[in-house]
Each structure stands twice: as structure tokens, then as C-alpha cells.
Amino acid sequence: MKKLKITNLSEKDIQNLKKIKIIELKEMKLQDLKILKVKIETAIKNIEKD
């Protein structure tokens, strides 16, 4: 990932960037939770088979 050099950001721009980052992080956490849920469900199914 390229690092961009950004200059002359206004306070509003900085707040918007922070909001975007927070939304990205929340979406990542949701994805992680969905993956975890599937792994747990699979593990439970495997235990029930045994």
C-alpha cells in the first residue's frame, strides 16, 4: 500500500478521514465476527458427528 503525503488538511477533512477509518474498522470487525461464527458452528457440527 502506498503512503500518500497529504498536506494542508483542514480540521473537517481530518474528521472525515477519521470517520472513514472507524467505519472500515467496524466493517472489519463484523467480517471477523462472521468468520468466527462460521468456525464455531463448524466446530459444533464436527463435535456432534463424533
Side-chain angles (χ1 to χ4, degrees):
M1 199 169 126
K2 283 187 179 177
K3 288 194 177 188
L4 300 175
K5 210 171 194 185
I6 303 171
T7 52
N8 300 328
L9 282 178
S10 71
E11 186 63 33
K12 188 176 179 189
D13 290 336
I14 292 170
Q15 290 304 317
N16 286 338
L17 285 171
K18 285 181 182 174
K19 283 181 190 168
I20 291 168
K21 198 68 193 161
I22 289 169
I23 290 168
E24 284 177 7
L25 289 171
K26 283 182 180 174
E27 287 174 356
M28 282 174 53
K29 285 181 187 174
L30 281 175
Q31 281 300 108
D32 289 347
L33 288 173
K34 287 177 185 171
I35 292 168
L36 184 61
K37 180 179 179 245
V38 170
K39 286 183 178 179
I40 291 171
E41 288 171 347
T42 306
I44 290 171
K45 285 178 188 169
N46 288 339
I47 290 169
E48 287 172 349
K49 282 182 189 173
D50 292 346

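Just the heavy atoms: all of them, side chains too, but no hydrogens, waters or symmetry mates, feed the values below. Just so it is clear, the structure is predicted and the values come from calculations on it, not from any experiment.
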Step-by-step side-chain hydrogen bond (donor to acceptor under 3.5 Å, both in side chains) determination, Glu27 to Gln31: CA-CA 6 Å; Glu27 287 174 356; Gln31 281 300 108; over 6 Å; no
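- Side-chain contact between Lys26 and Lys29 is absent, with no heavy-atom pair separated by less than 4.5 Å.
- In this structure, the separation between CD on Glu11 and CD1 on Ile14 is 5.0 Å, given to the nearest 0.5 Å.
- Shown here are the side-chain contact (heavy atoms from CB on, under 4.5 Å) partners of Lys37, two or more places apart in sequence or in another chain: Glu41.
- A salt bridge is absent between Lys45 and Glu48; no separation between the charged side-chain nitrogens and carboxylate oxygens falls under 4.0 Å.
- The distance from atom CD1 of Ile20 to atom CG of Leu25, rounded to the nearest 0.5 Å, is 12.0 Å.
- Hydrophobic cluster membership for Leu36: Ile40, Ile44 (Ile, Leu, Val, Met, Phe, Trp, Tyr linked by side-chain heavy atoms under 4.5 Å, directly or transitively).
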Steps toward side chain to side chain contact (heavy atoms under 4.5 Å, CB included) verdict (Val38, Lys34): CA-CA 6 Å; Val38 170; Lys34 287 177 185 171; 5.7 Å; no
